[in-house]
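Written out below as structure tokens is the structure these notes cover.
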Amino acid sequence: MPGVRRQFAYPEAERAPDDSPPRPAPPDDGLLSVRAAEGDEEAFAVLVREHAPALVGLATRLLGDRAEAEDAVQDAFISAWRRLPEFRRQSSFGTWMYRIVTNRCLNVLRARRPVTSLEAAGEFAAPEHDSPERVTEARDAVRGMRRALDDLSAEQRACWVLRELDGHSYEFIAETVGISQEAVRARVFRARRCLTRALGAWR
């Protein structure tokens, strides 16, 4: 699509002045996707602006790197533009994009060992303590968690992120990743066991 890369952006949330009139509600995703499938680039640009922030957050949790996540989401939107005629609207446009982004990130993870960042998993960030010994222990725990995440397979990491950080059902994860619900449960279980073991020394 000509101009998709130029249009693609991650706008910061803007706060309207208190005396400004309320902004009109954005058009329905279903209508926008129909227009985009007919070649309306402006309609697609609205969809990008509406969904990009959440999708970049997802990709960051999966890949552990913000810049790489932005690249993955941009590639996913370009792919979505080309595939819009295939979109049957059996699910929402956002859900469809969620799956495209997840699979794009899986391909990236399979292609390399990820450089892990725990920015998106704040619950594992080491707390600050007055004791230098405790600070060192906490830092060691975070490093151990990073190594443990690096050791997960692409599917294990994706299933764990989608379940533990994003709270999705096993059915949704199975459809998104393209494996059975039993396989999702097994991968989440193994990921939990690996990460719990990594945190064992800290706890």
Side-chain angles (χ1 to χ4, degrees), residues 4-16 23 25-30 32-33 36 44-81 83-84 87 91-126 142 145-146 148-150 152-179 184 187-188 191-192 195:
V4 169
R5 293 187 182 274
R6 173 180 54 79
Q7 293 173 352
F8 192 85
Y10 309 95
E12 297 294 333
E14 296 179 1
R15 183 178 181 180
R23 294 181 179 179
D28 177 75
D29 275 8
L32 287 170
S33 63
F44 191 72
V46 174
L47 289 170
V48 170
R49 287 195 298 270
E50 289 295 316
H51 293 282
L55 293 171
V56 171
L58 166 67
T60 301
R61 291 189 291 277
L62 288 170
L63 298 177
D65 181 86
R66 171 78 182 196
E68 201 165 22
E70 291 181 355
D71 287 343
V73 173
Q74 178 166 282
D75 289 345
F77 272 118
I78 292 171
S79 174
W81 169 260
R83 293 168 54 188
L84 271 172
F87 179 41
S91 60
S92 69
F93 178 82
T95 299
W96 187 58
M97 283 303 310
Y98 202 98
R99 290 170 178 158
I100 294 175
V101 169
T102 297
N103 281 284
R104 174 62 185 164
C105 291
L106 277 170
N107 290 337
V108 173
L109 287 170
R110 291 176 183 129
R112 52 86 172 156
R113 293 184 62 83
V115 177
T116 308
S117 166
L118 296 186
E119 293 177 0
E123 61 267 42
F124 291 114
V142 172
M145 176 61 69
R146 288 173 175 166
L149 282 171
D150 283 345
L152 298 179
S153 70
E155 288 79 9
Q156 285 174 348
R157 180 170 179 143
C159 291
W160 181 82
V161 167
L162 294 175
R163 180 65 180 173
E164 301 297 325
L165 298 186
D166 288 9
H168 289 293
S169 68
Y170 290 109
E171 179 182 6
F172 178 89
I173 298 168
E175 292 177 0
T176 299
V177 179
I179 57 179
V184 171
R187 283 160 175 75
V188 171
R192 285 174 179 163
L195 299 177

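Count residues from 1 along the sequence. None of the values given here were measured: they were computed from a predicted structure.
- Residues Phe77 and Val101 form no side-chain contact, since every pair of their non-hydrogen atoms from C-beta on lies 4.5 Å or further apart.
- Shown here for Ala36 and Leu47, the closest heavy-atom pair between the two residues is CB-CD1, 4.5 Å.
- The side-chain contact (heavy atoms from CB on, under 4.5 Å) check on Thr95 picks up Ser91, Ser92, Arg99, Phe172, with sequence neighbours excluded.
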Begin from the C-alpha positions of Val56 and Arg66 and carry the test side-chain contact (heavy atoms from CB on, under 4.5 Å) through to its verdict. CA-CA 8 Å; Val56 171; Arg66 171 78 182 196; 3.5 Å; yes
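- Residues forming a side-chain contact (heavy atoms from CB on, under 4.5 Å) with Ala72 (at least two apart in sequence, or on another chain): Leu63, Arg104, Cys105.
- Trp160 approaches Val188 most closely through the heavy-atom pair N-CG2, 4.3 Å.
- Distance check, rounded to the nearest 0.5 Å: CG of Leu195 to CZ of Arg157 gives 9.5 Å.
- In this structure, CG in Leu152 is found 12.0 Å from CZ in Arg187, a value given to the nearest 0.5 Å.
- Contacts of Tyr98 classified as side-chain hydrogen bond (donor to acceptor under 3.5 Å, both in side chains), with partners at least two apart in sequence or in another chain: Asp166, His168.
- Put simply, the side chain of Val73 does not reach to within 4.5 Å of the side chain of Glu70, judged on heavy atoms.
- Within the 4.5 Å cutoff, the side chain of Thr176 has no heavy atoms near those of the Ile173 side chain.
- Closest heavy-atom contact between Ala80 and Met97: CB-SD, 3.4 Å.
- Remark: Arg192 pairs with Glu164 by the side-chain hydrogen bond (donor to acceptor under 3.5 Å, both in side chains) rule, at least two apart or across chains.
- Interatomic distance, Asp28 CG to Phe93 CZ, rounded to the nearest 0.5 Å: 12.0 Å.
- Between the CG atom in Leu62 and the OG1 atom in Thr102 there is a gap of 5.5 Å [rounded to 0.5 Å].
- With sequence neighbours excluded, the residues satisfying side-chain hydrogen bond (donor to acceptor under 3.5 Å, both in side chains) with Ser33 are Arg89.
- Using a 4.5 Å heavy-atom threshold, the side chains of His51 and Asp29 count as touching.
- Remark: Gln156 pairs with no residue by the side-chain hydrogen bond (donor to acceptor under 3.5 Å, both in side chains) rule, at least two apart or across chains.
- Leu162 has its side chain within reach of Val177: a pair of non-hydrogen atoms, C-beta onward, lies under 4.5 Å apart.
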